[in-house]
Amino acid sequence: MSEGQQEQVIVQKTAEELKKQQEREAEQRTKTIATRVPQLSIDGLDQAGLEKKVREYYDIVCRLEDEKYDWEFKLRKMDFEINELNIIVNDIKGHFVKPALKKISKTEQKLAKIAEVKSKLHSAFRENLKSTGQSKFALDDKDDAGKKPEWGQDQLKQHPKEDDGLAGEDAAQDEEEEEEEEEEEEEE
């Protein structure tokens with residue numbers, strides 16, 4: 001016999017055994033049902049007798065449903081207790097159930113990494129800049145201080161406190177606006 005024929009014989013024998021086993025299980029079921037459930041004998045019963053039989057079977061069904069509910073409740077309670085005990089055992093042993101990982105799009109990860117690298121480079125670039133020691137908003141009026149025209153001196157003498165206060169505030173606002181504009185340009 002060749003290998004193919006041997007395999008066919010084996011498959012046929014296992015199929016026959018499975019059929020026999022299924023037939024045996026079906027016979028066992030019918031026997032069990034016959035022993036548990038009595039035969040329904042309603043021959044020769046009048047209306048009152050049939051109603052009595054229906055009530056008996058109804059009571060049996062209700063009792064069995066109650067038992068079924070009780071058993072289901074007990075099973076759920078036991079499952080809950082088993083889960084609680086497993087949690088306690090895992091806490092004692094130090095083994096934890098690993099949660100399912102959340103899938104993240106690879107493109108989002110790459111874009112996040114690129115943004116992170118850019119921010120690091122940008123901050124590193126700012127830190128490496130050297131300061132010249134001078135304010136970039138300082139006015140170069142040191143040479144012009146001695147050459148003020150005389151016609152402007154009259155107005156300065158009349159309101160020196162008001163002009164100085166306003167000029168200082170305007171200069172501070174101008175500096176803040178220029179700084180904000182430069183920061184916006186750098187961000188772009």
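We use all heavy atoms of the structure for the numbers below, so side chains are in, but hydrogens, waters and symmetry mates are not.
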For [X], what residues pass the side chain to side chain contact (heavy atoms under 4.5 Å, CB included) criterion, not counting sequence neighbours?
{"X": "K110", "answer": "none"}
{"X": "E51", "answer": "Q47, R55"}
{"X": "Q28", "answer": "none"}
{"X": "L50", "answer": "I42, L45"}

Gap separating the [atom1] atom of [X] from the [atom2] atom of [Y], nearest 0.5 angstrom:
{"X": "E27", "Y": "R29", "atom1": "CD", "atom2": "CZ", "answer": "11.0 Å"}
{"X": "I82", "Y": "M78", "atom1": "CD1", "atom2": "CE", "answer": "8.0 Å"}
{"X": "T107", "Y": "I114", "atom1": "OG1", "atom2": "CD1", "answer": "10.5 Å"}
{"X": "Q12", "Y": "I10", "atom1": "CD", "atom2": "CD1", "answer": "11.0 Å"}
{"X": "N86", "Y": "D91", "atom1": "CG", "atom2": "CG", "answer": "11.0 Å"}
{"X": "K19", "Y": "E16", "atom1": "NZ", "atom2": "CD", "answer": "7.5 Å"}

> Which pair of heavy atoms, one from E17 and one from R24, lies closest together, and at what distance?
Replying inline: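 E17 and R24 have their closest heavy atoms at O-NH2, 4.5 Å.
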>> Under 6.0 Å from the ring centre and within 45 degrees of the ring axis: does the NZ or CZ of K68 meet both conditions for the six-membered ring of W71?
In response: no
> Taking only residues two or more places apart in sequence, or in another chain, which ones meet R63 in a salt bridge (charged side-chain N to carboxylate O under 4.0 Å, His left out)?
Replying inline: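 For R63 the salt bridge (charged side-chain N to carboxylate O under 4.0 Å, His left out) partners, ignoring immediate neighbours, are E67.
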>> According to salt bridge (charged side-chain N to carboxylate O under 4.0 Å, His left out), who are the partners of E25, at least two apart in sequence or on a separate chain?
In response: none
> Would you call I60 and Y57 a side-chain contact if the rule is heavy atoms closer than 4.5 Å?
Replying inline: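 In contact.
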